[in-house]
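Quick note: numbers below take in every heavy atom, side chains included, and nothing from hydrogens, waters or symmetry partners. Quick caveat, the model's predicted, so the values are computed rather than measured. Both ligands and their constituent atoms are indexed starting at 1 by order of listing.
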Amino acid sequence: MKVLVVGTGAREHAIANELKDDVELYSYMSKKNPGISKIAKYKIGNEGEIEKVVDYAIKNNIDIAFIGPEAPLEKGIVNELEKNGIHCIGPTKSAARIETDKSFMRKLFEDYNIKGSLLYKVFDNTEDLNAFLNDFEKEVVVKPIGLTGGKGVKIVGDHLKNNTEAEEYAKEIIENKIGGFAQVIIEEKVVGEEFTIQAFCDGKNLVPMPAVQDHPHAFEGNQGPITGGMGSYSDQNGLLPFLSQKNYDEAVKIMKKTLNAIATETEPYKGILYGQFMLTDHGPRLIEYNARFGDPESMNVLSLLKTSLTQICQNIIDEKLDNVEFENKASVCKYIVPEGYPETKHTEELIKINEKAINDLGAKVFYAAVNQEDDGIHLSNSRALAIVANGNTIQEAEKIAEKACSHIKGNIYHRSDIGTSKLIEKKYKI
Ligand code: GLY
């Protein structure tokens, strides 16, 4: 069987790594990922130019395409591939609206009476926006309706000082059509602990994976600017130190109801559904959905997967998804980034990675935004690579991951606190 993985980063490297032993593997990526290029036949090209990706898939008689990032999903890559008889792990354009249209997502909760949503309102003009915010007494979150590559959401108390600044930013979104819509969504801000649940979906059935907690802040102690994610952990029981089985089940129930609602409202959703939740005093609240695996969260769950990913993909296509097994182990993922990230300071500098020493510790390396050149691997302006380790406890996995990080040299930085008891206990007390 021939499987094409679309996408360039560490998430796609982790997906490819799970498939490589069972299939003839192909990759379409925007630059040469040093990990993927070792295990797959590949073409370098912009994954957003979906007609070129489809051409490549047709020419190579691909059976299944696994779509990593959201941008090609928004452009309807799955519709085009399916028209050409290629099965996909990823939703169609209309089903992907669960991520690509936040107004659609919130309305789905209302129309199908799904619990766990937030107070929200969508605006297309500044007068109504001003009237609403003048009367709204809680702090808010401002979101563009469409995709912004993870850079559009701003939160009062974090990126914005108060609701006045929120209003200014919301006006900017409407006026400049940030995210592709002349609209903005304002949501109530909720406080608690964030967690992620990712699930395999075959249109009708949903199989959830272990819960994961990401760390978006750049610096130790959850300080500094928000990034694409500096690392993440999961626990051996599939829960998290602050997340009970009851809370996990409530979140999964929200996702199952969403899956049914998407099928009724648009088309059956096949692929990975990513739910980002906030655990509040009133239970889990849905912050947002993604129509793909998370990055870094994919690396936690894929490193624990016991069932073959190839078999899961086949079951998704056949609409008979059933039991998926994971190891009863904890996992810790730490991203290595250029020193000073998210500012760009060390672009193009050479780094040294002793992959053998890392693998000897039992840890794995997944490559992200680096450039492979004749003299070795060079940094770019984004996250460079992810280290993933498993263990019987989060602490055991963390220690292995931390040792593994010491085998990478250069002008780089990683958060040594992710997965440590000190940070987890601090979070748990919040
Ligand atoms: N970890 C955040 C994301 O994948 O969007």
Checklist entry - Any side-chain heavy atom of Asp235 sitting closer than 4.5 Å to one from Tyr233? => result no
Query raised in the report: Between Phe200 and Phe293, how do the two ring planes meet: parallel, tilted or perpendicular, split at 30° and 60°?
Result: perpendicular
Is Arg106 salt-bridged to Glu187, going by a charged N under 4.0 Å from an acidic O?
-> yes
In ligand 1, the atoms that come under 4.0 Å of a heavy atom of Gly294 are 4 (O)
Q | Heavy atom of Phe293, distance to ligand 1 below 4.0 Å | A | no
| query | Does an N or O anywhere in Glu297 fall below 3.5 Å from an N or O of ligand 1? | reply | yes
Applying ring pair (Phe, Tyr, Trp, His ring centres under 6.0 Å) to Tyr335 and not counting sequence neighbours gives none
Residues passing the ring pair (Phe, Tyr, Trp, His ring centres under 6.0 Å) test with Tyr248, sequence neighbours excluded, are none
For atom 4 (O) of ligand 1, the closest protein heavy atom turns out to be Asp295 N, 2.9 Å
Within 4.0 Å of some non-hydrogen atom of Arg292, the atoms of ligand 1 are 3 (C), 4 (O), 5 (O)
Taking NZ, NE, NH1 and NH2 as the nitrogens, is one of them in Lys93 or Glu74 under 4.0 Å from a carboxylate oxygen of the other?
no
Note: ligand 1 atoms sitting under 4.0 Å from heavy atoms of Tyr274 are 1 (N), 2 (C), 3 (C)
Short version for Thr196: what comes under 4.0 Å of ligand 1, heavy atoms counted, is neither
Note: ligand 1 atoms sitting under 4.0 Å from heavy atoms of Asp214 are 1 (N), 2 (C)
